[in-house]
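For reference, the structure is listed below as structure tokens.
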Amino acid sequence: MAASTGAADAAAASHSTAPASSVPSMGSPAIQYSMVLEHLVGEKRPIKDLSPGVMGGLPVPPKSDEQKMIERGMESCAFKSVLACVGGFVLGGAFGVFTAGIDTNVGFDPKDPLRTPTAREVLKDMGQRGMSYAKNFAIVGAMFSCTECIIESVSDIISCFVR
């Protein structure tokens, strides 16, 4: 007798613990994946305003005319090219001096291969190689920066006409 009441209790428990959401009710329509997707990434997605004030950013005071002028000057193609030229000159010079310092043929004389070069000859060769590398790096840096800036400016102008 006890066995029959235990089986009845287990059957009642299994019916009462069935999840209610797995059985769609007649009154509510089933949510479709495409509807959810439409609200998340589709045309019905709400557009959020991403201004700094909304996101908790600090208030920024308006820029003065001098600040605007300096900003325009620093964003100009000429300034970027000169900066790349100077940076290339410095890095090229350092690279040239470094490579001359580790080169074993510095001051090498083919007529007398056993002669040790003097410090003056080594320093002279390091200076010549440093200057050569510096000029080459400066030219390449200026050409790259100028070309990149001109392409960026032209693409900005074209995008204004396309809109």
Side-chain angles (χ1 to χ4, degrees), residues 19 21-22 24 28-163:
S21 62
S22 66
S28 66
I31 296 177
Q32 295 179 352
Y33 176 73
S34 61
M35 292 172 59
V36 173
L37 190 63
E38 189 71 25
H39 282 281
L40 292 176
V41 294
E43 295 175 3
K44 294 182 181 178
R45 188 185 89 191
I47 297 175
K48 296 179 182 175
D49 184 23
L50 295 178
S51 65
V54 172
M55 298 180 70
L58 296 174
V60 179
K63 295 180 182 177
S64 66
D65 291 336
E66 293 85 15
Q67 287 175 328
K68 291 177 185 176
M69 183 180 68
I70 290 172
E71 190 174 285
R72 279 193 308 268
M74 292 182 78
E75 291 178 358
S76 69
C77 289
F79 180 77
K80 289 180 181 179
S81 296
V82 168
L83 189 65
C85 184
V86 170
F89 189 84
V90 170
L91 289 176
F95 190 70
V97 169
F98 174 75
T99 57
I102 61 173
D103 189 9
T104 58
N105 291 331
V106 173
F108 179 72
D109 186 13
K111 295 176 186 172
D112 188 13
L114 299 177
R115 186 180 72 82
T116 304
T118 63
R120 177 174 288 195
E121 291 173 341
V122 171
L123 290 174
K124 182 180 176 185
D125 190 51
M126 288 174 76
Q128 289 173 347
R129 190 175 300 191
M131 187 57 71
S132 173
Y133 274 55
K135 287 190 263 183
N136 290 336
F137 275 50
I139 291 169
V140 169
M143 285 174 39
F144 175 80
S145 177
C146 189
T147 304
E148 186 255 343
C149 189
I150 289 172
I151 289 172
E152 182 180 321
S153 299
V154 169
S155 69
D156 288 344
I157 292 170
I158 290 173
S159 67
C160 289
F161 286 120
V162 171
R163 290 181 192 171

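Residue numbers run from 1 in the order of the sequence given.
Between Met131 and Phe89 the shortest side-chain heavy-atom distance falls below 4.5 Å.
Counting all heavy atoms, side chain and backbone alike, Gly96 lies closest to Thr99 at O-OG1, 3.0 Å. Considering all non-hydrogen atoms of both residues, Met74 and Phe79 come closest at O-CD2, 3.2 Å. The minimum heavy-atom distance linking Ser76 with Cys149 is given by the pair C-SG, 4.5 Å.
For the pairing with Val154, the side chain to side chain contact (heavy atoms under 4.5 Å, CB included) check across Asp156, Ile151, Ile158 returns one residue only, Ile158. Checking Glu75, Gln67, Met69 one by one against Glu71, the side chain to side chain contact (heavy atoms under 4.5 Å, CB included) holds for a single residue, Glu75.
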Atom pairs and distances, donor-acceptor, side-chain atoms in residues 132-147, under 3.5 Å, two or more places apart:
| from | atom 1 | to | atom 2 | distance (Å) |
| --- | --- | --- | --- | --- |
| Asn136 | ND2 | Ser132 | O | 3.3 |
| Ser145 | OG | Lys80 | O | 3.2 |
| Thr147 | OG1 | Met143 | O | 2.7 |

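To the nearest 0.5 Å, the span separating CZ on Arg129 from CZ on Phe98 amounts to 11.5 Å.
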